[in-house]
There are 2 protein chains.
Amino acid sequence: MSDHAVMPGHLARRFQQIAVAIFHAEVEAAGFDLTPVQYVALAVLRHHPGIDQATLAGLIAYDRTTIGGVIDRLVQKGLIVRAVSPRDRRAHVLHLAEAGLATLEGIQPAVEAAQREMVAGLDAAETVEFIRLFRKAIAAANERSRAPMKPAP
Amino acid sequence: MSDHAVMPGHLARRFQQIAVAIFHAEVEAAGFDLTPVQYVALAVLRHHPGIDQATLAGLIAYDRTTIGGVIDRLVQKGLIVRAVSPRDRRAHVLHLAEAGLATLEGIQPAVEAAQREMVAGLDAAETVEFIRLFRKAIAAANERSRAPMKPAP
DNA sequence: TACTGATTATCAGCATACTGTCAATTAGCG
DNA sequence: CGCTAATTGACAGTATGCTGATAATCAGTA
């Protein structure tokens with residue numbers, strides 16, 4: 001474990017680096033301009049319309065500070081709408097804009113192609129196992145990051 | 001594959017996020033102030049003294065632009081020494097400073113503990129398989145990022 | 001040798017991500 | 001009801017990482 005080529009931390013960084021590069025390549029080739037983070041935010045917002053920033057952050061394990069900038073850029077692009085919550089004036093509730101829904105649907109094939117390419121070196125059984133181990137390791141260490149995953153309230 | 005909870009790209013981001021958090025926690029508890037990226041740069045430099053920035057970047061698959069800032073901060077901390085190459089005046093050759101070697105040796109237990117914690121949710125056999133699949137997927141997609149891994153010349 | 005192309009490092013700019021801190025607001029308890 | 005604690009979103013600051021561009025330098029060739 002003292003060789004970086006075998007360290008989970010190094011492998012995590014490298015795989016993430018490749019995953020982001022593949023995502024960008026596929027999405028750009030499909031004619032869209034969206035980062036991986038922006039995509040996940042849109043996708044989750046589609047299934048949970050009207051949640052506030054903190055809830056969205058919890059669902060995808062983002063830091064509250066980070067999600068602010070991501071949302072700013074999505075609002076800027078006209079893909080989501082942000083409004084002060086009528087129930088809680090601290091909170092900003094979020095909704096997909098029409099352009100956001102159209103973008104999500106248009107981008108879906110590119111996103112799925114990207115996911116396949118990230119594990120192109122693995123066969124079907126290995127891919128299933130890789131994902132299982134990923135989820136198991138993440139679930140066990142969920143509370144170790146400042147931004148743990150939290151289910152919707 | 002259309003649920004982000006199963007997408008390799010999302011799992012990669014989340015695992016990387018946890019890995020960095022655990023690394024920081026362990027390293028700080030051991031009394032050091034070093035990021036994961038800075039650690040790997042030091043570790044590789046120890047086994048390849050005198051390489052230039054581009055070679056170091058290639059060995060650990062960093063972007064050349066990114067490594068510049070990392071090296072700046074390591075020089076600033078007095079952990080490495082940077083000098084213009086006598087053979088090639090474009091290149092900057094790098095060496096560990098004494099403080100860099102001391103830091104590397106002192107930090108090693110914390111780094112290895114962090115690696116174990118990242119996969120604390122997996123048993124021994126699963127950990128071996130996880131690392132194998134990580135490496136296989138990465139090797140197959142090495143050229144997909146702007147900064148592919150390159151062996152030393 | 002002169003020129004072309006490649007390589008090295010750097011720069012500005014953008015987008016995550018984290019730390020710590022803060023004001024505004026809400027919720028819970030006495 | 002009034003006070004304290006917790007929550008929400010924001011800010012400044014730091015560190016990766018990427019894109020595209022550039023100056024300096026080197027290498028291979030005409």
Side-chain angles (χ1 to χ4, degrees), chain A residues 9 12-14 16-25 27-28 33-41 51-58 60-77 82-94 144-148 150 153, chain B residues 9 12-14 16-25 28 33-41 51-58 60-74 76-77 82-94 144-148 150 153:
Chain A
R13 188 197 64 84
R14 181 73 183 117
Q16 155 78 354
Q17 179 184 41
I18 288 169
V20 171
I22 289 175
F23 186 97
H24 274 130
V27 163
E28 188 178 338
D33 174 28
L34 211 63
T35 68
V37 172
Q38 290 167 5
Y39 164 77
V40 181
I51 57 178
D52 63 16
Q53 294 186 193
T55 304
L56 173 58
I60 46 189
Y62 282 27
D63 191 89
R64 278 216 323 274
T65 298
T66 304
I67 203 90
V70 174
I71 289 172
D72 280 347
R73 287 179 280 275
L74 287 171
V75 170
Q76 184 76 28
K77 290 180 182 180
R82 171 168 46 184
V84 174
S85 167
R87 300 185 182 183
D88 184 341
R89 277 181 297 168
R90 294 169 304 179
H92 293 178
V93 294
L94 308 170
R144 295 299 302 265
S145 75
R146 165 162 149 164
K150 292 180 194 172
Chain B
R13 187 196 66 82
R14 180 75 183 116
Q16 155 78 355
Q17 180 185 40
I18 288 169
V20 171
I22 289 176
F23 186 97
H24 274 130
E28 188 179 337
D33 174 28
L34 211 62
T35 67
V37 172
Q38 290 167 5
Y39 165 77
V40 182
I51 58 178
D52 63 15
Q53 294 187 192
T55 303
L56 174 58
I60 46 189
Y62 282 26
D63 191 89
R64 277 220 319 274
T65 298
T66 303
I67 202 98
V70 174
I71 289 173
D72 280 347
R73 288 179 280 274
L74 287 171
Q76 184 77 27
K77 290 181 182 180
R82 171 168 46 184
V84 173
S85 168
R87 300 184 183 185
D88 183 343
R89 276 181 300 167
R90 293 169 303 180
H92 292 176
V93 294
L94 308 170
R144 295 299 302 266
S145 74
R146 165 161 148 164
K150 291 181 194 171

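We use all heavy atoms of the structure for the numbers below, so side chains are in, but hydrogens, waters and symmetry mates are not. Letters A, B, ... mirror the listed sequences (proteins, then strands); counts begin at 1.
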Practice problem: Round to a whole Å and report the spacing from CD1 of B/Ile71 to P of C/dC11. | Solution: 13 Å
Below 3.5 Å is the cut-off: list the nitrogen or oxygen pairs between protein and nucleotides 13-15 of chain C, distance only.
none

Practice problem: Report yes or no: do B/Asp52 and B/Thr55 form a side-chain donor-acceptor pair below 3.5 Å? | Solution: yes
Practice problem: Give a yes/no answer on whether the side chain of B/Gln17 brings an N or O atom under 4.0 Å of OP1 or OP2 in C/dA17. | Solution: no
Quiz item: In whole angstroms, how far is the P atom of C/dG20 from the CG atom of B/Asp33?
Solution: 12 Å
Practice problem: Mind calculating the distance between CD1 (B/Ile67) and P (C/dT10) to the nearest angstrom? | Solution: 11 Å
Quiz item: If you check the A/Asp63 side chain, which of C/dA17, C/dC18, C/dT8 turns out closest?
Solution: C/dC18
Quiz item: Do A/Tyr62 and A/Gln53 come close enough that some side-chain heavy atom pair is under 4.5 Å?
Solution: no
Quiz item: Near DNA chain C, which residues from residues 87-94 of chain A have a heavy atom under 4.0 Å away?
Solution: A/Asp88, A/Arg89, A/Arg90
Quiz item: Between which nucleotides of DNA chain D, read 5' to 3', does contact with chain B run, using atoms under 4.0 Å from its heavy atoms?
Solution: D/dA15 to D/dC26
Practice problem: With heavy atoms under 4.0 Å as the rule, sort A/Glu28 into base, sugar-phosphate or nothing. | Solution: nothing
Quiz item: A/Arg64 side chain N/O closer than 4.0 Å to the phosphate oxygens (OP1, OP2) of C/dG20?
Solution: no
